[in-house]
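Comments concern the structure below.
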Protein chains: 2
Amino acid sequence: MATGRTHRPATRSRGIPEATVARLPLYLRALTALSERSVPTVSSEELAAAAGVNSAKLRKDFSYLGSYGTRGVGYDVEYLVYQISRELGLTQDWPVVIVGIGNLGAALANYGGFASRGFRVAALIDADPAMAGKPVAGIPVQHSDDLEKIIEDNGVSIGVIATPAGAAQPVCDRLVAAGVTSILNFAPTVLSVPDGVDVRKVDLSIELQILAFHEQRKAGEEAAAGSDGAGPAAARGVSGPASSSTSADQGPDGDVPAVMPA
Amino acid sequence: MATGRTHRPATRSRGIPEATVARLPLYLRALTALSERSVPTVSSEELAAAAGVNSAKLRKDFSYLGSYGTRGVGYDVEYLVYQISRELGLTQDWPVVIVGIGNLGAALANYGGFASRGFRVAALIDADPAMAGKPVAGIPVQHSDDLEKIIEDNGVSIGVIATPAGAAQPVCDRLVAAGVTSILNFAPTVLSVPDGVDVRKVDLSIELQILAFHEQRKAGEEAAAGSDGAGPAAARGVSGPASSSTSADQGPDGDVPAVMPA
DNA sequence: AGATGTGAACATGTTCACAGCA
DNA sequence: TGCTGTGAACATGTTCACATCT
């Protein structure tokens, strides 16, 4: 293996860093807002401010996509919207199923941000027979018995799990067996999936715990710092050093079921 | 500003890396599960598997907290639970307010994972007068007119924003003015906050967009790869390279309001 | 023996600072 | 002149491999 290359053969295309990919949706949103206000061009400085990052980072990020800006001028808003959308795969239609239609599942189904991108809620699935047929966000809930058929009929490759923790792994297994290869998991469980399946996890309580850590820290520093030094500095989107990102890897098991009662 | 040092003086205490802090809740959950099953000790290997990370990373993480393990044996479950809880600040009580009681806010209020840690939902706040007094998860919703008083009376320092995008910044400003110094933001907006206030953001549609990127990638590689190379490898919690983490920094504005209709 | 704890190598991500083009 | 695009310096995070202790 010699000196060590990346583990990913990198399909010869470009190798866009994960950190950059994670920010593309931020840029896209800021750009969409500008587009709606019919702003023709933006500088990296302006766009970075709108997206809450610094301009050097933004320019570096864009440099991985190619040279879509004009020196001395900035970026063409419409063109960039298109390029980023294409890069993210949002120019195609992504049918998505949401499994577990409790409060969270309903919130997701109602979430406008999905439809406005390339995502289409193809089906809502719940294990509770009483839910079957009931419309949520205008879409009738279907029973989980039909999960496999629904996946196949709609050509779904992305599934969202919003079930209680205990149901998550079985649901995940069925989704994967039916052909789903990307999963967004809201249940507080580590999901086991075969190679080639992507799992991303959003864990509400983990975020709070990270905040608590920093909060505790602040309380301790108050005593030590005293004068507070730096003064105002204030408010331009990005808060402090600590406002970084979210969790990593997968999440563990062993907690109260939580959302989606009945 | 001279040659440029770190922006953070680093309070001399310990400097636990952000990446490690973000994983502590994962370990804590896995440990809590073991504790409930009365398992007395775990090896780094076992615990890592349960948390969905690799053992080297786990050991390195724990090394920042101190030497809490026993060579040749492993870690004492109860002791570790206590140490991590303390480190995260979960041994104290954190009163939390949730602003915006739509589907998402209700899901959060019902989320068991909060109460089981040091978090206590001190109040639910909504701008809709029709919601006032209505109990959600056993807690009566209060009108946002009383936001400042509620914050002060309960000594709240952590606020959760689950309002539509348009309401997020004003709500944020009022929370901060009333003394909140940590905010968990579910609205798709970049929040401006003064220095010293932490903001973490969870954005549902961003996660989906990142999945879409990788999904698109897979489709492209299928053609190129063919043989698939590596074979099974399969399924032990952590999926592939791409299952990494979530978004970073803050999120931008300019999207459909989303959750919390009325 | 069997596990932790950790220095050192490696990989990824961020920021600086400026060359180069419009 | 004013902006992008990027090499190089720096910072953070991950993995390896083994010394170290029970």
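Worth saying up front: this structure is predicted, and the values here are computed from it rather than measured.
A donor and an acceptor atom sit less than 3.5 Å apart, one in the side chain of B:Arg71 and one in the base of D:dT20.
Taking side-chain N and O atoms only, B:Ser44 has a distance below 4.0 Å to OP1 or OP2 of C:dT4. Contact between the side-chain N/O atoms of A:Arg23 and the OP1/OP2 oxygens of C:dT14 is found at a separation under 4.0 Å. Between B:Asn54 and the phosphate of D:dT15, there is a side-chain N or O to OP1/OP2 separation shorter than 4.0 Å. OP1 or OP2 of C:dT15 sits under 4.0 Å from a side-chain N or O of A:Lys57.
Side-chain contact of B:Gln209 with B:Ser205: a donor-acceptor pair under 3.5 Å is present, judged by distance alone. Using modelled atom types and a 3.5 Å distance limit, the side chains of B:Tyr79 and B:Gln83 yield a donor-acceptor pair.
Summarising the geometry, the separation between OH on A:Tyr64 and P on C:dT12 is reported as 11 Å, rounded to the nearest angstrom. Taking atom CG of A:Asp61 as the reference point, atom P of C:dT12 lies 16 Å away to the nearest angstrom. In this structure, B:Glu45 places its CD atom 10 Å from C1' of C:dA3, rounding to the nearest Å. Put simply, NZ on B:Lys60 is 11 Å from C1' on C:dA9, counting in whole angstrom units. Atom CG in B:Leu47 sits roughly 12 Å away from atom P in C:dG5 (whole-Å rounding). B:Asp76 has its CG atom 15 Å from the C1' atom of C:dA3, to the nearest Å. B:Arg59 places its CZ atom 11 Å from the P atom of C:dT6, with the value rounded to the nearest Å. D:dT12 atom C1' lies 15 Å from atom CD1 of B:Ile16, rounded to whole Å.
In terms of position on DNA chain C, the residue among B:Val73 and A:Thr70 whose nearest nucleotide sits closer to the 5' end is B:Val73. Of the two residues near DNA chain D, A:Gly72 and A:Ser63, the one whose nearest nucleotide lies more 5' is A:Gly72.
Side-chain atoms of B:Trp94 never come within 3.5 Å of backbone atoms of A:Leu208 as a donor-acceptor pair (strictly under, hydrogens ignored). B:Lys57 contributes no side-chain N or O that, together with a main-chain N or O of B:Ala48, makes up a donor-acceptor pair within less than 3.5 Å.
Considering only the side chain of B:Glu18, D:dG13 comes nearest among C:dA3, D:dG5, D:dG13.
Using a 4.0 Å heavy-atom criterion, one finds that B:Tyr75 contacts the sugar-phosphate atoms exclusively.
Under a cut-off of 6.0 angstrom, the local environment of CD in B:Gln92 is crowded, with over 12 non-hydrogen atoms contributed by other residues, nucleotides or ligands.
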